[in-house]
K.L.:
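Sharing a structure below in structure tokens format, with a few things to ask.
These figures come from a predicted structure and were not determined experimentally. By convention in this document, chain letters (A, B, ...) are assigned in the order of the sequence lines, proteins followed by strands, and residues within each chain are numbered from 1.
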Number of protein chains: 2
Amino acid sequence: MLKISKKADYALMALQHIALVQFGDVTPGRVVNTKEIAEEYNIPLELLAKVLQTLAKNGLIESHNGPKGGYLLARSTRQITIAQILEGIEGPLGITDCSHEKEGELCLQREHCNIRTPLLKVQDSIYQLLNNMTLQDMMGGTPLITIQSPSAQGVAQ
Amino acid sequence: MLKISKKADYALMALQHIALVQFGDVTPGRVVNTKEIAEEYNIPLELLAKVLQTLAKNGLIESHNGPKGGYLLARSTRQITIAQILEGIEGPLGITDCSHEKEGELCLQREHCNIRTPLLKVQDSIYQLLNNMTLQDMMGGTPLITIQSPSAQGVAQ
DNA sequence: CTTTAGTCCGACCTTATTGATCGGAGATCA
DNA sequence: TGATCTCCGATCAATAAGGTCGGACTAAAG
Ligand code: FES
Ligand code: FES
């Protein structure tokens with residue numbers, strides 16, 4: 001449950017790889033093309049291409065056309081959060097089916113729904129978690145995260 | 001993204017309803033049948049039945065057969081966590097596709113995967129969040145949850 | 001200026017998952 | 001004994017995800 005899609009997975013891998021090349025010691029500033037990433041991580045080329053296009057459209061990376069073209073990060077690794085990446089690929093975070101109800105369509109359960117409010121709080125917590133973690137963190141900076149829940153009881157920690 | 005299924009939604013609603021009846025002031029201890037819940041919340045009867053069956057199989061509720069039958073909570077509302085409910089319906093929490101890799105099948109990306117470790121930490125955080133929240137909490141006790149992330153920056157620590 | 005390798009982009013198909021349904025077996029109470 | 005209710009497996013339909021294809025465009029090299 002609560003699985004993120006493979007596309008999102010690929011996006012995370014690709015971004016980290018680009019960051020690694022771009023800010024690494026070996027060839028800093030080099031553009032990275034789709035093929036390179038696809039082969040390195042065994043990702044279907046065409047699919048990865050589409051993922052990268054989406055990321056570019058969302059302003060997370062810059063695309064450079066033509067031969068010797070490829071992608072570059074649009075911002076520093078500290079300014080790209082996991083939430084931004086995931087939302088760019090999979091759309092806005094919505095833990096329940098009716099988190100983002102559009103005008104007109106109303107959840108059948110809404111009238112007597114007793115779980116909407118608490119679930120939205122859970123959703124918000126998860127969002128904070130993802131939005132407080134940057135690409136930089138994921139690359140080995142300080143990937144340590146803890147949670148405190150005042151509503152916890154019965155579960156001794 | 002990160003959506004939980006409707007079945008899980010229904011499960012949460014149903015459990016809260018049962019708890020409300022069972023521990024409420026009006027008719028404490030009364031068993032609740034599927035039809036009652038389905039009508040109250042506009043849930044397809046057959047589907048809800050299956051959800052409740054699954055919950056019963058997982059030991060979260062007790063089923064009473066025959067006429068005047070129905071369901072009762074197996075434990076107190078403080079001893080049932082959201083994680084238990086969700087996992088009972090949707091299977092174990094797995095944020096990535098390869099979180100629970102079985103023997104033999106190996107993720108193609110595993111070899112050079114650079115995101116596995118940090119993602120598992122995220123997953124663990126979410127699990128804690130869900131496992132620290134009980135049915136009691138969701139029913140209006142103290143639905144307040146906060147998160148602290150030491151890896152956060154730009155956000156006051 | 002022309003060629004050419006490469007990216008860009010949208011449409012398309014296929015498969016997996018979820019949501020929902022059906023029909024009968026077994027249990028309980030009047 | 002008969003009516004009512006839960007239990008359980010199998011099954012179908014809708015939706016979303018994973019993956020593919022072909023053409024348009026762009027920039028570097030000759
Ligand atoms: S499930 Fe839609 S409002 Fe609660
Ligand atoms: S995606 Fe499978 S190990 Fe990282």
K.L.:
Would you say the side chain of A:V51 lies within less than 4.5 Å of the side chain of A:I89, judging by non-hydrogen atoms?
P.N.:
yes
K.L.:
For A:N58 and C:dC9, what is the distance between atoms CG and C1' respectively, to the nearest whole Å?
P.N.:
15 Å
K.L.:
Sequence neighbours left out, what passes side-chain hydrogen bond (donor to acceptor under 3.5 Å, both in side chains) with B:Q16? Give chain and number order.
P.N.:
A:N114
K.L.:
Hydrophobic side-chain clustering at under 4.5 Å (ILVMFWY, transitive links): who's grouped with A:L120? Put none if nobody.
P.N.:
none
K.L.:
Rounding to an integer number of Å, can you tell me how far A:Q53 CD sits from D:dC21 C1'?
P.N.:
13 Å
K.L.:
Who are the ring-ring contact (aromatic ring centres under 6.0 Å, His included) partners of A:Y127, not counting sequence neighbours?
P.N.:
none
K.L.:
Anything under 3.5 Å between a protein N or O and an N or O of nucleotides 15-22 of chain C, put it in a table, one pair a line.
P.N.:
unit_1: C:dG19; atom_1: OP1; unit_2: B:K6; atom_2: N; d: 2.5
unit_1: C:dA20; atom_1: OP2; unit_2: B:Y10; atom_2: OH; d: 3.4
unit_1: C:dA20; atom_1: N6; unit_2: B:K50; atom_2: NZ; d: 3.3

K.L.:
Please state whether the phosphate of C:dT7, meaning OP1 or OP2, lies under 4.0 angstrom from any side-chain nitrogen or oxygen of A:N33.
P.N.:
yes
K.L.:
List the atom pairs, with distances to 0.1 Å, where a side-chain N or O of residues 81-88 of chain A and a protein N or O form a donor-acceptor pair under 3.5 Å, not counting sequence neighbours.
P.N.:
unit_1: A:T81; atom_1: OG1; unit_2: A:Q84; atom_2: N; d: 3.2
unit_1: A:T81; atom_1: OG1; unit_2: A:N131; atom_2: OD1; d: 2.9
unit_1: A:Q84; atom_1: OE1; unit_2: A:R75; atom_2: NH2; d: 2.7
unit_1: A:Q84; atom_1: OE1; unit_2: A:T81; atom_2: N; d: 3.3
unit_1: A:E87; atom_1: OE2; unit_2: A:L93; atom_2: N; d: 3.1

K.L.:
If I take atom CG in residue A:L52 and atom P in nucleotide C:dT7, what distance separates them, rounded to the nearest angstrom?
P.N.:
10 Å
K.L.:
Can you give one letter per nucleotide of nucleotides 24-30 of chain D, 5' to 3': B if a protein heavy atom sits under 4.0 Å from the base, S if only from the sugar-phosphate, - if neither?
P.N.:
--BB-S-
K.L.:
Show me the donor-acceptor pairs within less than 3.5 Å that the side chains of residues 24-35 of chain A make with the rest of the protein, sequence neighbours left out.
P.N.:
unit_1: A:T27; atom_1: OG1; unit_2: A:R30; atom_2: NH1; d: 3.3
unit_1: A:R30; atom_1: NH2; unit_2: A:E36; atom_2: OE1; d: 2.5
unit_1: A:R30; atom_1: NH2; unit_2: A:E36; atom_2: OE2; d: 2.8
unit_1: A:N33; atom_1: OD1; unit_2: A:E36; atom_2: N; d: 3.1

K.L.:
Taking only residues two or more places apart in sequence or in another chain, which ones pass side-chain hydrogen bond (donor to acceptor under 3.5 Å, both in side chains) with B:S5?
P.N.:
B:E90
K.L.:
Does any pair with a residue in residues 43-57 of chain A pass side chain to side chain donor-acceptor pair (under 3.5 Å), and if so which ones, sequence neighbours excluded?
P.N.:
none
K.L.:
What integer distance in Å separates B:E36:CD from D:dT4:P?
P.N.:
18 Å
